[in-house]
**Q** 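The structure's right below; bear with me while I get my questions together.
Quick note: numbers below take in every heavy atom, side chains included, and nothing from hydrogens, waters or symmetry partners. Lettering of chains follows the sequences in order, A, B, ..., and the numbering in each one begins at 1.
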Amino acid sequence: MPELPEVETIARGLRRSLVGRTIVGGVCYCPKIVADNENRWLAAVTDKKLKGVRRRGKNLLLDLTGGLTLWVHLKMTGHLYLRTGDDPVEPHDRLIFYFRDHSDQLRFHDMRRFGRVRLFSTADVMNQRGLCDLGPDALEIGPKDFAALFAAHARLIKPALLDQRFLAGLGNIYADESLFSARIHPRRLTHSLSAAKISRLHEAIGEILQEAIGKMGTSVDNYAGVDGRPGGYQSYLRVYGRVGLDCPRCGGRIKRERIGSRSAHYCPRCQRLC
DNA sequence: TGATGTGTTCTGCT
DNA sequence: AAGCAGAACACATC
């Protein structure tokens with residue numbers, strides 16, 4: 001499940017491999033993914049050059065010449081990767097862009113078809129729901145704004161961290177890992193945390209996201225970068241997916257519990273409620 | 001065969 | 001108003 005570090009890794013891969021290149025066409029095998037008039041849409045990006053790639057939370061914005069921006073959300077099982085014209089189309093490839101001068105292709109692959117690739121004018125794209133209502137980016141927010149954000153809301157911290165309107169970029173993996181690192185119980189209320197805990201959580205989120213980006217993301221459910229290489233952070237996970245194993249910090253037993261209708265992994269011994 | 005998990009949006013409730 | 005619960009989406013995996 002791509003979260004901020006995986007999306008950032010993809011953004012960097014695209015910047016390295018495709019910025020400056022011109023799209024000469026495309027094909028869509030799944031109208032739902034483009035959520036629009038597929039033919040008009042693909043025709044509109046033909047002969048446009050990829051100018052740059054931006055990331056907002058878990059969203060990717062591919063800025064094209066002609067004042068156009070492709071908005072990509074990978075949701076749970078979306079992938080973006082490079083192939084050549086010699087590579088056979090794979091079963092869940094949903095959308096393929098062709099590039100000039102090479103046989104290179106950018107493919108959007110999505111087993112479960114929750115992902116979206118949509119085209120907007122660059123001026124308009126940030127007004128769309130899902131972008132205009134994003135909270136501050138988890139990697140960019142400063143300590144003071146972070147503390148103010150938590151003080152301003154009274155809600156369970158785990159669902160808050162997953163709410164992209166509250167803070168943008170974390171998903172289940174990094175939310176659980178960050179709470180573990182800061183020794184905060186996932187049921188704590190946002191406004192009830194001490195200044196020291198808030199500060200520690202802010203640091204933990206920054207450290208964990210940066211470290212995960214350094215490892216090119218976490219590969220669970222087949223995540224891989226645009227070059228097809230899996231990430232390496234899965235070896236460093238301390239609570240996510242480790243139910244019943246020993247806590248690496250205190251030796252307690254890691255628990256999984258439904259909190260806010262999502263699974264939360266934590267150590268009940270070193271992440272206390274009070 | 002059927003339950004599960006996953007991100008987001010939507011609806012409806014308190 | 002704010003936050004929460006549950007449903008819906010789609011499908012491989014167990």
**Q** Looking at B:dG5, B:dT8, C:dG3, which one has an atom nearest to any side-chain atom of A:K75?
**A** B:dT8

**Q** Do A:H153 and A:F166 have ring centres separated by under 6.0 Å?
**A** yes

**Q** In whole angstroms, how far is the P atom of C:dC9 from the CZ atom of A:R116?
**A** 12 Å

**Q** Start at the 5' end of DNA chain B and walk down; is the nucleotide closest to A:T77 or to A:R129 reached first?
**A** A:T77

**Q** Can you tell me if NZ on A:K197 sees more than 12 non-hydrogen neighbours from other groups inside 6.0 Å?
**A** yes

**Q** Output the rounded distance in Å from CG (A:L134) to C1' (B:dT8).
**A** 11 Å

**Q** Less than 5.5 Å between centroids and less than 30° between ring planes, does A:F114 satisfy that with B:dT8?
**A** no

**Q** Under 6.0 Å between ring centres, would you say that holds for A:H79 and A:F108?
**A** no

**Q** For the side chain of A:R113, counting heavy atoms from C-beta on, which of B:dG5, B:dC10, C:dC11 is nearest?
**A** C:dC11

**Q** If you check the A:N172 side chain, which of B:dT6, B:dG5, B:dT8 turns out closest?
**A** B:dT6

**Q** Please give, in whole Å, the distance from B:dG5 P to A:M76 CE?
**A** 12 Å

**Q** Given C:dA12, C:dG3, B:dG5, identify the nucleotide with an atom nearest to the side chain of A:H153.
**A** C:dG3

**Q** If you check every side-chain atom of A:H92, which of B:dG5, B:dT9, C:dA12 has the closest atom?
**A** C:dA12

**Q** Regarding A:N172 and A:S263, is there a side-chain donor-to-acceptor distance under 3.5 Å anywhere?
**A** yes

